[in-house]
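Notes follow once the structure below has been shown.
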Amino acid sequence: MNLIDKYKPKSLREIFGQDTPILQLKDSLKKPILLHGPPGTGKTSAIYALANDLDYEIIELNASDLRNKEEIDNVVGNSIKQQSLFKRGKIILVDELDGITGKEDRGGVQALLALIQDSSFPVVMIANDPWSSKFSMLRTKTKLIEFKKLNYLSIYNILSRICKNENIKINDKDLRELATQSDGDARSAITDLELLSYKNNLGELGAREREVSIFNAMQLILKSTDPNIVLNILDNVKLDLDESLLWLEENLPIEYKDRNDLANSFDVLSRVDVFRGRILRWQHWRFLSYINDLMTAGITISKNNKYYGFTKYKRPARILEIWRFKQKNKLKYDISAKISKKLHTSVKGVTKDFLFYKKFIDKDLIKELNLSEEEALFLKY
Amino acid sequence: MTKIWCEKYRPQKFEDIIGQKHIVERVMAMVKQKNLPHQLYVGPAGVGKTSLILVVAKELYGDSWQDNVLELNASDTRGIDIIRNEVKNFARTKSLTGIPKICILDEADSLTKEAQQDSSKILEPIQSRCAVFRFKPLTKEEITEIINDVADKENLKIGNKTIDVLCEISEGDVRRVYNILQSCSSISKNITEELIYDMVSFANPKEVQKILEIAVAGDFIRSREKLLKTMLESGLSGLDIIRQVQKEIWNLDVKNENKLKLIEKCGEIEFRMVEGSDEFIQLEALLSQFVLLGK
């Protein structure tokens, strides 16, 4: 179940709260169009819905296809010029235009302009911010249509329709709050609803905060079986990935009782750690995205069993344990340091054989090593 | 004079050094000409690397050797900057004797581990600038000679069979030999096989075996708790642990075909550690394989 995909509007009639731009869109489809507005307001959805209504085909280009004319031709082919040969209409959609960078892709904007010129099919471009200087040429050649932030009521309506269909039980007050907090972004609101519905099904948490507690994230990752639900869960957790990794490490064996699940999931976790090492080594931070995928969806799908019911997750103990041990063993370390000075050996080397030294360090040696009373007592014990 | 044997009996002159004949001869020649190149001593623990360079220092500078030698232990010194500074300060002044001073960077390999680099890669340029000496573990005869010498000086009674046992247990590590003997002698001057075995099992209990047995029995959580405790208390690194794990696999009550799989996993985990992964997470992943393949 992925609510975002499931509730993509199939027709323009299903798009809430954007009547004005949709009317403009229908009227001006003959010209090249530049749709703009904040994320999650229905720009892309509107184009797909429109294509569906008209039974058009969509040819989608993204920013990386736009480096030059050849690359564009690779994707759209020559078909755009030969309208008569094809019965079905087409819309050329260039989504996430913001992804073009001004300098590197200068050829990209030129190629796009050429495409607009040549295409006998409507070209629709989508950007969050059309006022960027890199789009100045495009602005003059296209019709700008703005999708505004959705108002609270539209989002509330979208959410309650989904709740009704999906039989999600959530109290009205929480739903309204969710709609308010989404700040006009329907996509994020639906995602949050999905998370909340999960929490509710699992008998936890009433609703509210957009921030997801690490306990909830654990629950989602370990209980759920759908990778798409958990893929972005850690984005909403206020911990960095290293800490989240420790949480998973601690709680995997508490949840995954099946031997196969345990081994598979720890295999995934150990590969996360390998990527972590590679980031440090090569300073290639994009590996982080693999870490995220493995830590969320990877852990989720590494199990064959379902784990129902309430599980009491624990805070990561390892770091604390090491710290506690160091406190407790400060004396051992201090003594080892004193021995190591006499032996041309590292402290580590001495601690490895500590029990031997402990055995034979007598009064004379205590004096020789200049051990404090406390340290001497530690050796006797 | 210290009362810790492994230091007390550290060789003071070239003639005192037992084993490593070829290396000692070459180094002696270099000292004679008072012409020391950079040197890289490579070899297992307790075979005389530090001892040799200390002898060199004493031969060159006599009583004032400590003023002319900088000893740094890379495994204890945090950060390359500290080392760099100390070396710089030390190298700033010339020795009064006119002979170049000596800087000993002990356990240099742990320096590279700190920097999370492939040791062979970082050591390559160092190797090319150094005279490299490869130390071998001492032979049984050489260790026997050492044992007899210390037994003589410390009035220990030790039979030939017991000496054999000690040679085997120490695996050619002389420091270990001295430590075992000195701790045994704190109980009795009459060193028996039994005493040695007791002492060694007390100091190096078979924790790894127990950890694996618990894992094979299916209790992952308890086995990893014990693993952490063992690593902390014994100061063993992940690589130390994995070496023992590899040995123990063959003694476990596990199907033979699974033993082979476990060995392979072991190797993969060791590889990742060498590459700089988190030792504990990797070991946990390995333990989960013991849980899986143990049933």
Side-chain angles (χ1 to χ4, degrees), chain A residues 245-246 249 252-254 256-257 259-260 262-278 280-281 317-318 321-322 324-326 328-329 332-333 336-337 339-340 342-362 364-365 367-369, chain B residues 2-7 10 45 50-51 54 71 73-76 104 106-107 110 116-117 175-176 179-180 182-187 199 202-204 218 220-221 224-225 228-229 232-237 240 269 272 275-278 280-282 284-289 291-295:
Chain A
L245 180 65
L246 286 170
E249 181 198 342
L252 271 185
I254 295 175
Y256 289 2
K257 291 295 179 197
R259 290 171 187 236
N260 264 305
L262 183 74
N264 287 341
S265 58
F266 254 110
D267 184 48
V268 172
L269 215 57
S270 69
R271 278 184 280 141
V272 166
D273 178 53
V274 168
F275 274 113
R276 225 165 39 139
R278 288 179 186 164
L280 285 178
R281 189 155 168 193
R318 173 151 71 108
E321 198 61 35
I322 293 171
R324 250 191 232 139
F325 181 86
K326 277 194 178 145
K328 213 174 77 188
N329 280 265
K332 181 177 163 184
Y333 182 88
S336 298
I339 299 176
S340 103
K342 294 270 174 189
L343 296 193
H344 308 280
T345 310
S346 64
V347 180
K348 253 187 216 151
V350 173
T351 39
K352 254 185 214 173
D353 274 354
F354 190 77
L355 287 170
F356 287 124
Y357 298 108
K358 187 175 168 180
K359 202 86 196 172
F360 66 69
I361 289 182
D362 52 12
D364 289 346
L365 271 172
K367 214 168 164 190
E368 185 194 317
L369 292 168
Chain B
T2 175
K3 295 205 164 56
I4 299 174
W5 293 359
C6 60
E7 196 57 35
R10 204 186 269 287
T50 309
S51 290
L54 288 176
E71 260 190 285
N73 200 307
S75 100
D76 290 340
I104 306 174
D106 219 337
E107 300 189 28
S110 64
Q116 302 258 339
Q117 285 283 348
R175 183 181 292 116
R176 192 34 69 98
N179 280 337
I180 294 174
Q182 190 169 13
S183 40
C184 286
S185 85
S186 72
I187 294 171
M199 190 57 63
F202 161 76
N204 304 76
F220 177 83
I221 293 182
R224 85 161 167 192
E225 273 170 8
L228 182 59
K229 208 170 152 237
L232 289 173
E233 277 175 3
S234 63
L236 291 175
S237 72
D240 294 330
I269 296 296
R272 291 181 187 175
E275 270 197 323
S277 294
D278 181 288
F280 201 73
I281 289 185
Q282 296 301 337
E284 280 177 291
L286 185 60
L287 278 186
S288 74
Q289 292 293 331
V291 173
L292 176 66
L293 296 170
K295 63 180 172 189

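Naming: A, B, ... by sequence-line order, numbering from 1 per chain.
- For B:Leu228, the part lying near chain A is the side chain, with the backbone staying farther off; criterion is any non-hydrogen pair under 4.5 Å.
- With a threshold of 4.5 angstrom between heavy atoms, A:Asp273 approaches chain B through its backbone and through its side chain.
- Contact of B:Ile221 with chain A is made through the side chain alone, with heavy-atom distances under 4.5 Å.
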Check against salt bridge (Lys or Arg N to Asp or Glu O under 4.0 Å), A:Arg318 and B:Asp278: CA-CA 12 Å; A:Arg318 173 151 71 108; B:Asp278 181 288; 3.5 Å; yes

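- Shortest non-hydrogen contact noted between A:Phe356 and B:Ser183 is CD2-OG, 3.3 Å.
- The pair B:Arg272-B:Glu275 does not count as a salt bridge, with every side-chain nitrogen at least 4.0 angstrom from each carboxylate oxygen.
- The most heavy-atom pairs under 4.5 Å with chain B, out of A:Ala263, A:Ala317, A:Ser346, A:Ser336, come from A:Ser346.
- Note on A:Leu343, A:Asn264, A:Leu252, A:Asp364: by heavy-atom pairs under 4.5 Å with chain B, the leading option is A:Leu343.
- The heavy-atom pair separating B:Val291 from B:Gly218 by the smallest distance is CG1-CA, 4.1 Å.
- Contacts of B:Glu71 with chain A are made by side-chain atoms alone, with heavy-atom separations under 4.5 Å and no backbone atom involved.
- A salt bridge is defined here as a Lys NZ or Arg NE, NH1 or NH2 lying under 4.0 Å from an Asp or Glu carboxylate O, and A:Asp353 with B:Arg175 fails to meet this definition.
- Contact annotation for A:Leu365: only side-chain heavy atoms (C-beta onward) come within less than 4.5 Å of a heavy atom of chain B.
- Contacts with chain B were tallied for A:Arg271, A:Arg278, A:Lys332, A:Lys359; A:Lys359 has the most, counting heavy-atom pairs under 4.5 Å.
- Interface residue A:Phe325: only side-chain heavy atoms are found under 4.5 Å from chain B.
- Heavy-atom pairs under 4.5 Å with chain B peak, among A:Val347, A:Val268, A:Asp362, A:Asp267, at A:Val347.
- The heavy-atom pair separating A:Glu249 from A:Leu269 by the smallest distance is CA-CD2, 3.6 Å.
- Both the backbone and the side chain of B:Glu233 come within less than 4.5 Å of a heavy atom in chain A.
- Across A:Ser270 and B:Gln282, no two heavy atoms sit closer than the pair O-NE2, 3.0 Å.
- Most heavy-atom pairs under 4.5 Å with chain A, from the set B:Asp240, B:Leu236, B:Leu287: that is B:Asp240.
- Interface residue A:Leu369: only side-chain heavy atoms are found under 4.5 Å from chain B.
- In this structure, chain A has a heavy atom under 4.5 Å from the side chain of B:Ser186, while its backbone stays farther away.
- When B:Ile269, B:Asn179, B:Ile4 are compared by the number of non-hydrogen pairs under 4.5 Å with chain A, B:Asn179 comes out ahead.
- Heavy-atom distances place no part of A:Ile361 under 4.5 Å from chain B, backbone and side chain included.
- Interface residue A:Thr345: backbone and side-chain heavy atoms are both found under 4.5 Å from chain B.
- Counting only heavy atoms from C-beta outward, the side chains of B:Ile281 and A:Leu245 approach each other to under 4.5 Å.
- Using a 4.5 Å heavy-atom threshold, the side chains of B:Phe220 and A:Arg259 count as separate.
- Taking CG from B:Asn73 and NE2 from A:His344, the interatomic distance works out to 11.0 Å, rounded to the nearest 0.5 Å.
- In this structure, OG1 on A:Thr351 lies 9.5 Å from CD1 on A:Ile339, to the nearest 0.5 angstrom.
- Not one N or O on the side chain of A:Glu321 forms a donor-acceptor pair closer than 3.5 Å with the backbone of B:Glu225.
- With a 4.5 angstrom heavy-atom cutoff, A:Phe275 does not touch chain B via any of its atoms.
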Decide yes or no on side chain to side chain contact (heavy atoms under 4.5 Å, CB included) for B:Ile104 and B:Thr50, but give the supporting numbers first. CA-CA 9 Å; B:Ile104 306 174; B:Thr50 309; 5.6 Å; no

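- Contacts of B:Leu54 with chain A are made by side-chain atoms alone, with heavy-atom separations under 4.5 Å and no backbone atom involved.
- For A:Ile322, the parts lying near chain B are the backbone and the side chain together; criterion is any non-hydrogen pair under 4.5 Å.
- Looking at B:Ile187, only its side chain comes within 4.5 Å of chain A, counting heavy atoms on both sides.
- Heavy-atom distances place the side chain of A:Lys257, and not its backbone, under 4.5 Å from chain B.
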